[in-house]
Protein chains: 2
Amino acid sequence: MVFAASISMKKQVSTSMIAKEAGIAVSTTGFILSGKARKMKISEKTEQRVLALAKDLGYVPNALAKNLRRNRSGIIGLLYNHLKHHWADESLKGVRSVLGDTEYSPFLSTHEFDAKLLEKEVELMLQHRFDAIISVPFKEGKKTYQRIIDNGTPLIFLNDTLEGMSDVDMVAWNAREASKTAMNHLISLGRKKIGFLGWDDGRRMIRARVEAYRNCLKREGIDLRKDWMRLFPLEADIAESVVEMFSEKDRPDALFCGLDIYGIQAIGALEGMGLKVPEDVAVVGMGNQPGSEFPSIGLSTVNSPNESIGAKAASLAIELIEQKQSCTGSRHLLHGDDLVIRRSTSI
Amino acid sequence: MVFAASISMKKQVSTSMIAKEAGIAVSTTGFILSGKARKMKISEKTEQRVLALAKDLGYVPNALAKNLRRNRSGIIGLLYNHLKHHWADESLKGVRSVLGDTEYSPFLSTHEFDAKLLEKEVELMLQHRFDAIISVPFKEGKKTYQRIIDNGTPLIFLNDTLEGMSDVDMVAWNAREASKTAMNHLISLGRKKIGFLGWDDGRRMIRARVEAYRNCLKREGIDLRKDWMRLFPLEADIAESVVEMFSEKDRPDALFCGLDIYGIQAIGALEGMGLKVPEDVAVVGMGNQPGSEFPSIGLSTVNSPNESIGAKAASLAIELIEQKQSCTGSRHLLHGDDLVIRRSTSI
DNA sequence: TTGAAAGCGCTAACAA
DNA sequence: TTGTTAGCGCTTTCAA
């Protein structure tokens with residue numbers, strides 16, 4: 001069934017070849033093959049004949065030629081930091097839900113938090129005349145992002161902005177509101193001694209979590225305890241910090257975690273030191289990441305609207321492309337504060 | 001700093017434009033800009049002048065034109081089923097480790113186990129003249145894969161084959177050996193009553209797990225108990241089955257799980273019914289997927305060499321491209337049987 | 001309805 | 001060393 005065909009044996013089938021074969025003009029086949037037969041009032045007989053011929057010959061339209069001519073590729077590039085979690089998968093689904101009916105298609109790549117790689121990928125996308133680039137911003141990549149703008153290519157940031165690049169459109173989860181939801185949940189449980197585990201890489205949406213934490217405490221008239229608030233680098237092992245925080249006699253009775261992964265680690269550490277979740281300590285995370293739903297974990301968390309973010313970004317991209325604008329400075333904070341209550345706060 | 005440039009304001013800078021600006025011939029600039037200045041013995045002065053000019057004008061080479069001319073794109077397409085786990089991330093790293101030094105670059109997409117989507121993505125890649133396609137095979141997509149072969153485009157399957165398409169080259173984790181490692185580990189712990197949780201979607205590498213389970217039992221002279229062997233559809237909720245299996249008086253003292261996610265769920269279910277892991281039941285999974293390392297889980301498992309798989313696939317792709325072959329039927333089973341011992345088997 | 005032909009930006013063969 | 005030029009395959013204008 002499979003046949004190890006030698007590429008060199010095959011001649012690429014082109015519109016002109018089909019035209020010659022059919023004994024008609026190149027433009028006629030061109031119109032037919034690009035779906036403009038109706039518009040050009042080409043006889044149905046001719047159309048059918050050409051279509052059949054194209055299929056027989058195994059014709060594959062050459063997008064390179066087409067796009068060279070149109071000077072656009074029909075491709076929207078997605079540039080993620082990595083593909084480790086479900087975020088890329090879900091936002092891609094959102095992107096597809098919008099692009100599905102259009103003439104645009106997405107292609108993905110990652111920058112792995114590496115400025116050199118980001119630059120390389122962007123260069124590639126620009127050289128291939130991608131019509132727009134959607135990226136999770138990376139702080140060290142400002143120069144590269146600026147290059148996209150200078151090039152006149154639409155750029156959209158996902159889930160955060162970059163200082164000094166406020167004109168770039170952004171679609172993000174409203175982490176502030178979501179954090180408030182999480183905090184309110186803990187407070188509604190009667191917990192007043194709430195600790196915070198999070199990280200701070202300088203991005204606003206990340207910082208929004210700490211700020212919401214602070215504001216909620218303030219609103220409730222609860223004093224902030226600096227020793228109950230920890231910021232880590234991303235991907236840190238936080239168990240030690242948790243043990244430290246909870247070894248004191250006077251310890252928190254709840255934990256708000258800026259990221260599910262911290263909540264997951266915290267639950268492990270707390271139970272490891274004999275504390276009961278949620279009886280002794282209620283824990284809530286952010287993002288409903290895979291793992292938080294495992295029966296042994298059961299982390300309460302707030303859902304993030306990843307698919308909607310992708311969808312919004314895609315429709316924004318199309319808008320920018322059609323307006324021939326690289327950016328307009330619009331901001332879109334998507335609400336996503338569905339509380340997912342699991343074991344870690346089910347008192 | 002950012003400047004909402006209007007695309008229409010910008011004229012695309014081309015080699016001929018630079019040539020005119022510099023007052024020299026198109027070919028000269030062409031040679032310089034494609035790095036062939038040395039070879040063509042172009043004076044360094046001219047070269048520097050052109051390079052500087054290109055930079056000043058914000059020249060971005062038009063890959064569309066270049067590739068139309070060469071009739072190849074320099075792109076290798078990666079077509080995953082989804083991006084939920086770390087698999088895509090890690091294998092992409094492997095692909096990059098090989099492509100980094102070459103003229104090829106990867107672009108990603110997913111087929112989401114959807115034959116229609118797979119077909120669409122493949123069509124796109126063929127139209128864009130991708131030089132090779134690397135895909136995690138999807139059973140319902142045979143016709144589409146065949147189309148890649150018929151087109152003469154190199155195709156490589158990741159982690160499995162497809163029945164009737166044995167000529168397609170494959171790079172996969174040697175799941176049989178890895179399964180043996182896992183089983184031997186349980187046996188070395190003195191466990192004889194070993195249950196199996198896995199799935200069967202008809203793919204060989206998946207089936208290899210059950211087969212290894214059977215063979216290991218046989219080798220040890222242990223009778224297979226059908227009620228201790230369960231196959232589920234992927235992404236199933238298996239807790240109920242686990243409870244059922246372990247409610248009997250005569251129950252397994254160990255579980256071999258064909259997928260970490262089953263192991264994770266099993267640990268939750270077992271502990272939920274009051275059984276101790278690993279004292280009552282030792283559990284081992286496959287793949288070292290994220291989540292298995294969580295402190296509350298601690299699932300022992302076998303590492304899968306995802307990065308090596310990506311790397312091997314990439315170098316194979318380059319080979320096929322250069323040999324102008326769409327496939328050669330080679331098979332590459334990569335050993336990855338590093339046992340990762342965690343709580344679930346630490347007696 | 002159909003045909004002829006220009007040209008998108010780049011490469012590379014050929015000439016000078 | 002440098003200049004000229006013919007395409008790559010497709011779209012689209014202009015003529016017939």
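Numbers restart at 1 for each chain; the letters A, B, ... are given by sequence-line order, proteins then strands.
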Output the rounded distance in Å from [atom1] ([X]) to [atom2] ([N]).
| X | N | atom1 | atom2 | value |
| --- | --- | --- | --- | --- |
| Lys20(B) | dG9(C) | NZ | C1' | 13 Å |
| Arg129(A) | dG9(C) | CZ | P | 8 Å |
| Asn62(B) | dG7(C) | CG | P | 18 Å |
| Gln12(A) | dG9(D) | CD | P | 7 Å |
| Lys39(B) | dA12(C) | NZ | C1' | 10 Å |
| Ile42(B) | dG3(D) | CD1 | C1' | 11 Å |
| Glu21(B) | dG9(C) | CD | P | 16 Å |
| Leu33(A) | dC10(D) | CG | P | 8 Å |

Between [options], which nucleotide has the shortest distance from any of its atoms to the side chain of [X]?
| X | options | value |
| --- | --- | --- |
| Tyr59(B) | dT2(D), dC10(C), dG9(D) | dC10(C) |
| Ser14(A) | dG9(D), dT2(C), dC10(C) | dG9(D) |
| Ala65(A) | dG3(C), dC10(D), dT4(D) | dC10(D) |

Summary of side-chain hydrogen bond (donor to acceptor under 3.5 Å, both in side chains) pairs that have at least one residue in residues 28-40 of chain A, sequence neighbours excluded: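 Listed by first then second residue: Arg38(A)-Glu47(A).
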Sequence neighbours excluded, every pair satisfying side-chain hydrogen bond (donor to acceptor under 3.5 Å, both in side chains) that has a member inside residues 13-25 of chain A: Ser14(A)-Ser16(A)
Asn71(B): partners by side-chain contact (heavy atoms from CB on, under 4.5 Å), with sequence neighbours left out: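 With neighbours one apart ignored, the set is Gln12(A), Asn62(A), Arg129(B).
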Listed partners of Glu119(B) passing salt bridge (Lys or Arg N to Asp or Glu O under 4.0 Å), at least two apart: Lys116(B)
Those residues that, when tested against Glu140(B), pass salt bridge (Lys or Arg N to Asp or Glu O under 4.0 Å) (two or more places apart): none
Sugar-phosphate, base or nothing in reach of Asn71(A), heavy atoms under 4.0 Å: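 It contacts nothing in the nucleic acid.
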5′-ward residue of the pair Leu68(A)/Ile24(B) relative to DNA chain D: Ile24(B)
Qualifying residue, where the test is side chain to side chain contact (heavy atoms under 4.5 Å, CB included) with Ile133(B) and the options are Asn151(B), Leu78(B), Leu155(B): Leu155(B)
Heavy-atom donor-acceptor pair, Asp169(B) side chain to Gly329(B) backbone, under 3.5 Å: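 Looks like yes, one N/O pair under 3.5 Å.
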Selection: residues 43-54 of chain B, any non-hydrogen atom under 4.0 Å of DNA chain C: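 Residues of residues 43-54 of chain B under 4.0 Å from DNA chain C: none.
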Pairs meeting criterion ring pair (Phe, Tyr, Trp, His ring centres under 6.0 Å) with involvement of residues 116-135 of chain B, two or more places apart: Phe107(A)-Phe130(B)
Side chain to side chain donor-acceptor pair (under 3.5 Å) partners of Arg49(B), counting only residues at least two apart: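 For Arg49(B), no residue satisfies side chain to side chain donor-acceptor pair (under 3.5 Å) once neighbours in sequence are set aside.
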Name the pairs: protein N/O against N/O of nucleotides 12-16 of chain D, kept only if under 3.5 Å.
residue	atom	partner	partner atom	Å
dT12(D)	OP2	Lys36(A)	NZ	3.4

